[in-house]
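What follows is a short report on a single structure.
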Amino acid sequence: MKTKIKKINKIPLAYPNSSLANKTGAWRTYRPQTDYQKCTGCALCSKICPDACIEMINRNDKNIPVTYYDYCKGCGLCAAECPVKAIIMKRDY
Ligand code: SF4
Ligand code: SF4
């Protein structure tokens, strides 16, 4: 027997492959800030970010994380998991 799914919205809020079009950074109340003096370039923050908005880049022969704030929701996971506490969460206005 076929199940009928009732559409409640004509325009979906999100759909597959639409993440780049949905800039969710405005949801954030706390903003991660990285101390590049402490950062060892381990890339754990980049791997753990649920929004995949931390990219590792190479600058002056050192791997460093770059956060894309257009997409960061401020969940704080990166700060909690950084092994050297190089990321702190600051109130974002
Ligand atoms: S988890 Fe911490 S030490 Fe590792 S790359 Fe991210 S900021 Fe740097
Ligand atoms: S605060 Fe959350 S969403 Fe923002 S960069 Fe860190 S892990 Fe990603």
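All ligand and atom numbering here is 1-based and tracks the order in the structure.
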Closest approach of A79 to K85 (non-hydrogen atoms, all atoms of both residues): O-NZ, 3.9 Å
Atoms listed for atom 2 (Fe) of ligand 1 (protein only, N, O or S, under 2.8 Å, no waters) are C82 SG
Student check: side-chain heavy atoms of P32 and I88 closer than 4.5 Å: no
Provide the number and element of each atom of ligand 2 under 4.0 Å from a heavy atom of D51. 3 (S)
Give me the nearest non-hydrogen protein atom to atom 8 (Fe) of ligand 2 as residue plus atom name, then the distance to 0.1 Å. C49 SG, 2.3 Å
State the atoms of ligand 2, each with its element, that fall below the 4.0 Å cut-off from a heavy-atom position in I54. 5 (S)
K23/Y71 under side-chain contact (heavy atoms from CB on, under 4.5 Å): CA gap, chis, key distance, verdict: CA-CA 5 Å; K23 293 188 176 179; Y71 302 98; 3.8 Å; yes
Closest non-hydrogen protein atom to atom 4 (Fe) of ligand 2, residue and atom name please, with distance? C72 SG, 2.3 Å
Numbered in order shown, the ligand 2 atoms found under 4.0 Å of a heavy atom of G76 are 1 (S), 2 (Fe)
Given side chains that start at C-beta, do those of T34 and P65 come closer than 4.5 Å, heavy atoms only? yes
Is any side-chain heavy atom of I54 closer than 4.5 Å to one of C78? yes
Just how far is it from atom CD1 of I57 to atom OG of S46, taken to the nearest 0.5 Å? 11.5 Å
Residue pair P83 / L44, side-chain heavy-atom distance below 4.5 Å: yes
Tell me, do Y36 and I64 make a side-chain contact under 4.5 Å, heavy atoms counted? yes
Which residue owns the protein heavy atom closest to atom 2 (Fe) of ligand 2, what's the atom, and how far is it? C75 SG, 2.3 Å
Name the closest protein heavy atom to atom 5 (S) of ligand 1, giving the residue it belongs to and the distance to 0.1 Å. A43 N, 3.2 Å
For ligand 2, which atoms have a heavy atom of G74 less than 4.0 angstrom away? 1 (S), 4 (Fe)
Hey, are the side chains of E55 and Y68 touching, using non-hydrogen atoms and a 4.5 Å cut-off? yes
Taking the side chain as every heavy atom from C-beta outward, state whether I87 and Q33 have any atom pair closer than 4.5 Å. no
contact_flag P50 ligand 2 heavy-atom lt 4.0 Å: yes
Taking every heavy atom of K38 against every heavy atom of V84, the minimum-distance pair comes out as O-CG2, 3.4 Å
Short list, please: which atoms of ligand 2 are under 4.0 Å from a heavy atom of C53? 5 (S), 8 (Fe)
